[in-house]
Each structure stands twice: as structure tokens, then as C-alpha cells.
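Note that the coordinates shown come from a computational prediction; the quantities given were computed from them, not determined experimentally. Note on naming: letters A, B, ... go to the chains in the order of the sequence lines (proteins, then strands), and numbering restarts at 1 for each one.
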Protein chains: 2
Amino acid sequence: MKDKQTSKATINEVAAHAGVSKSTVSRYINGKIDAISPGKVKSIKKAIEELNYRPSQMAQGLKVKKSKLIGFLVADITNPFSVATLRGVEEVCDQHGYSIMVCNTDNSPEKEREMLHKLNAHYIEGLIINTTGQNNDVLMDLISQDVSIVLVDRKVPGLKLDAVTTNNREVTSQIVNLMYDKGYSHVGLFTEPITGISPREERASAYTEIALERNAGRIPQIYEVDVKDKAALLQSVKSFLASGGDRGKKAILGNNGLLMLKIISCLYEIGAAIPEDVGIAGFDDTEWYRLIGPGITTIAQPSHEMGKVAMERIVKRLEGDESAPQTIQLEAELVLRHSL
Amino acid sequence: MKDKQTSKATINEVAAHAGVSKSTVSRYINGKIDAISPGKVKSIKKAIEELNYRPSQMAQGLKVKKSKLIGFLVADITNPFSVATLRGVEEVCDQHGYSIMVCNTDNSPEKEREMLHKLNAHYIEGLIINTTGQNNDVLMDLISQDVSIVLVDRKVPGLKLDAVTTNNREVTSQIVNLMYDKGYSHVGLFTEPITGISPREERASAYTEIALERNAGRIPQIYEVDVKDKAALLQSVKSFLASGGDRGKKAILGNNGLLMLKIISCLYEIGAAIPEDVGIAGFDDTEWYRLIGPGITTIAQPSHEMGKVAMERIVKRLEGDESAPQTIQLEAELVLRHSL
DNA sequence: CTGTTAGCGCTTTCAG
DNA sequence: CTGAAAGCGCTAACAG
């Protein structure tokens, strides 16, 4: 039913077509229908359909200062955790007419800063971010420009912002205790660089605490590794396996899903059987885990829920909620399989 | 160094602050620096820094009709294939100053339509889409409004649009032949509903062709399943396993990564050993596959590259390339492991 | 080299 | 109930 038009119809054309002023069309668009005479409503509706008109978000936005855009800034969208979160965010965005701009930072503060500026230029109304923690100044700028920010997963000390996290300490304690209960006397924590990243710090500290408590004599073994450096990781795994002679069963706790994948890869290469030669468990659950080896025991974070909750917080803020920033802590869940 | 400002600085404020007209600031922003006296350049630069000014994409966009926004519309971003593609798209977007709006359709034509309208309202300049094929009219509208569209993975008959695909037929033939070569006499294809989705059609037809050729007596066995319906899938797998009595080795070809995951899950539940009881291979490669069972043989699509190429096409179009729409076919690669 | 002016598509008083 | 007019932040002639 649509005519071949060369470019978008504007409100003016609709107005002309319908024989009314653009104010009236604007009213129509904005739902103030019962303030318009029925006859005009009909002709406007008709005109809109015939011209296949859609109001321009840009023009609307420029006028009312609302872009209907939400930024989603993560280290790496390739990470299943991030994708699941994104879906959660999207779910509530759809309900409220927002669209999502996704950006990756690759954990680089510079790239993060750049992306933040880009998002800012687009007048995003909200931002959900898994931050490097190195761009607090830009974040503050955004705040002062009225964009609502919610931190997911990673909190930033000194930044009083809404945040959605999981009970990292608890769940880490749980799993480390489980390891000791199962007779693993050497448990090593493999993690990406800890400093400044709150969940890593929380997990490392919980690990250390339990390790100290349960195995008084032994120094907790934390391996800070670079997921990207396969060779180095292999070395670390080997060195852990060789540590402490042959006494005692060994288990690895992996700090995130991607790292787990790489570690398990190393184990395969080395030819270490799970759980006979090493036990393993770690954060982030995916459907694959049950299919690998004996099934990998994991800590499932409610990532989809986290995204949802984060975005809901933003919606609230955008609706005018001015209450003090809050940290919403969701519960991660232990998924017991047979790798321990 | 930034003052506490309550909202974004505008070009007017910068102009005032620098003691020049906003045209000059505009010139500065747009890089026409050597058309401005050095003194003013300095003061503008200073003003911009002090006010922490970023030009509004919305205002710029409204004026020049360029949003710098690219839509990325996929069935499900949760699918590893989609994420990898997204990263490819992003890579070239970054290089050219574009931002990406991601939307999921869940394979629903209605949702796709809705998303398309939403993206349209945001004046996206380009669209990369994995389409349901049911909204060609909207796609045509977009075209007529000068948005550059590239289809990824799925072509649409009758729509002359740029497309980026893989050599589905070839690679399917290859793997099916390999199956027969390895002595599997019953090979079944598991796929989501085929009709209207080009890669599925191509794969199914290549499969059928080879199956007919290599195993004259037997009717090709195609199972069209719903990935979401676990129970039904389990039934299909069982029925395939039970088919044709006990004569001959059986192998499953899975049409995409997600489906493969579900099928392998079923196999585990049934207790069928890979490859002793059933061989299996399928599309889409992820790092997990090497860790599952004996290592799963897959067809790796160059998804990252596909995203890159698709976005490069868009950039070309946006730069004015008016040549006839082309289909760029990339090569998928067989990754041999031990599930066959 | 630089300021003035008009206007992108829309919303929002303000009269009527 | 409805239209005229002003203006959101920016760019693009057009004079000077």
C-alpha cells in the first residue's frame, strides 16, 4: 500500500497530506488522541499509513532530550556471561521502547574511554557497564549529564553508583570448602589480574580465607594469568600440578568461564584426567559444561537476571527515582557435576 | 580540569566561551582547521576542553542526515555464530566511527518487523541482518530511504541485496561424503525448519544429493526439529537411532551449533557413545567442541570474517558505491576431530 | 578567515 | 480542539 518514496516522510508531509497542522500530527503521535477531533484523527492515521511515516527519533530526541538509547559496555561480548546479561537488558529495553548500543572494551581503559565518549555523543540515556574502573572521571561526567549508570558485576570503590553483583564471597567459600571436604588438599585459584576488579578481589579473598582456615600449613596458591597467553597458562597449570610433590589431591578453581575453557584445554593437552588427576570447578555456567569430561561443576551466575535487574534500575532512575545508589546482590548457584 | 556542569555543553556555549561564532566552532569540529586563524583555533580548543564539549550526534545527524548508527539484527545473539559476526562488524564500525544497535528477533517475523521499525526511527545508515525473510516490504522501504543493507548467512530469493554467505553446498557435500567414506551407511540430517531459510535449504539439498548418490537404496533422513523442544528432539534422535534395524553405522549431521549442543545432550542422556554408537558432526565451531567427548568434528564458518566483510560492504555503499548487489561467498572449513 | 541566516524534524507554549 | 511560532544543537551557504 506504500508509494515509492525516495526518502522518509516527515511530520510536515503528513500534516499536509492530512490537511492539518503539524502540531496536531505531533499530538497524535504522542497519544494525545482525545484532544483531537475524531475526523482529524482518522485523516492523520490515514496519512501516516499512506506515507509510511515514522517519527524521527533524532528530531524528537533533539527536542525532548531523550535518545531512547541505552549503552551496554562490556569487556568482551564474546563472553557468554556478557551475552546472557545483554539478553536480560534487552528484554526490559524492549518493554520500554529503548534500544541498545553495544560496545566492547577488551578490558582496555583507553578503548573504554573512547566508547564512553562515543556513547555520550549519542546522548544515551542509560549505561550498563562492566567497567575497567579506570575512567571514573568520564563516568562522573555522564552522571552530571543525567545519564543513569548501573555497574554490572564489577563495583568501583569510591563511586557511589547503582550496581548489580553476585554473592561472590559466599559462593566462593562454598565451593572452596566443598573442595576441601572432598579431600582436595591442594586447591589453586586461577584468575585474571585481580587488582581493581571487585569480583576477582572478592573471590580471591574468600578463597584465601578458606584455604588458610582449612589447610593451615599451606600457602594459598593464586595464579594470576593472562587468558590470551596460552603458553604461559599452560606453564602455570603445569607448575600447579607439579607443586607440593605428589602428596594430596589437587583441584583448580577457575575464576571465569573463558579461563575455565582454556584451563580445561590445557588439562587435555597435558593428559590430566578430570577428576582423577585434578579436580576442577569454576565460575560461569554454560550448557557445554555438562558435556565436557565428567561434567564440570560450576557456579552459575544469574547473568540474564542481572541484566534485567540492571536495566530495571535504569528505567526507575529515568522515571525519576532519586533514591541513594544501591547495590543489588543476586545469588549465584552451585551446579554440582562430577569434576570434583 | 572539568567544571561541574549540570548538562551537556552546546556549540553555542563553546562559541561564547571562545569568543567566536558557532560557525567557526562548527568548522573546527569538522576538521576545517586550516580555514581558521591559529588564534581562534587555540581558544576553541581550550573552550572545548574546559567545557568538556562533545558535539551532539543527534543534532549533527538531524542536520546532515547521518546517524552514524548501524543496525545488527539477528535471530539470537546468544548463538556463538552471531556473536562472532558481531565482533567482526564492530571491528570495522570502530574504524569508521559507527556505532552498533543490536536487536534479536528470536526468529519471529513480527518481532523482526518491530525491530526494523525501531531501527528505522533511529535513522540507521546501515543494516546487517540475518532475516526471517518475512519482511521484505520493510526491507524495501529501508532501501528506498537509503539505508544500506547486507544480508548475512541467509539470502532472500527475489531480493537483490548485498549478501555474505558461506559455501554451504560444497562443505555439506564434503562432510556427508566423508561420513559415507568412513563407513556410516545411515546418515541423518537434523535441522530446524528448512523452508525459506537459504542456508538450511542449501545444506539439505546438498545432503540429499550426496545421500542419494552414495546410498542408492536408502531414502535420505531429514529430521526437522524445534531446538526449543527438548522432548521432541529426544524422540527424533531416538527414532533415528532405532531406524533401519541394527544394520550399518549411523551418523548425525547437525545443522547448527545450538542444535548440535542439544543433540549431543540427548546422546548423553540416551547413553549413546560417540563415535562408537553414533557418529556426529555439524555446523558452527566453538572452542568447546574439542573438549566434548572425543572432540567433535565441525564445519567452522568464518563468522568473524563474515561480519567484517558485511560491514565493509556497507561502508563502501555509504561511500557511494552504486554497483550491482553482490553475494560474497566465504569458505567454511572442515575441522576434523574424532566424532566420526 | 568569519559571522549571519536559515533550517533539519520535531515538541511545546500560547493564543484563539 | 487547533494552528502559529519559537527553538532543540548543529551545518551550510552566503556575504563580507
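For the helix from C:dC1-D:dG16 to C:dG16-D:dC1, the angle separating the two terminal helix axes comes to 40°, with each axis derived from five pairs and the value rounded to 10°.
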Only distances under 3.5 Å count here; give the side-chain donor-acceptor pairs of residues 34-43 of chain A to other protein atoms, sequence neighbours excluded, each with its distance to 0.1 Å.
{"residue": "A:Ser43", "atom": "OG", "partner": "A:Lys40", "partner atom": "O", "Å": "3.1"}

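Neither OP1 nor OP2 of D:dT2 sits under 4.0 Å from any side-chain N or O of A:Thr24.
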Strictly under 4.0 angstrom, non-hydrogen atoms only: write out the protein contact profile of nucleotides 8-13 of chain C, one letter per nucleotide from the 5' end, B, S or -.
BBBBBB
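For the salt bridge (Lys or Arg N to Asp or Glu O under 4.0 Å) test, residues two or more places apart in sequence or in another chain that qualify with B:Lys118 are A:Asp94. Remark: B:Asn135 pairs with B:Glu112, B:Arg113 by the side chain to side chain donor-acceptor pair (under 3.5 Å) rule, at least two apart or across chains. Not counting sequence neighbours, the partners of B:Arg317 by the salt bridge (Lys or Arg N to Asp or Glu O under 4.0 Å) test are B:Asp162, B:Asp321. Looking at residues two or more places apart in sequence or on another chain, you find a side chain to side chain donor-acceptor pair (under 3.5 Å) between B:Arg54 and A:His117. Partners of A:Lys63 by salt bridge (Lys or Arg N to Asp or Glu O under 4.0 Å), not counting sequence neighbours: none found. Applying the side chain to side chain donor-acceptor pair (under 3.5 Å) criterion to A:Thr78, with sequence neighbours excluded, gives A:Asp76.
Nucleotide D:dG9 holds its C1' atom 15 Å from the CG atom of B:Leu51, rounded to whole Å.
Side-chain contact check for B:Asp137 versus B:Met140: every heavy-atom pair is 4.5 Å or farther apart.
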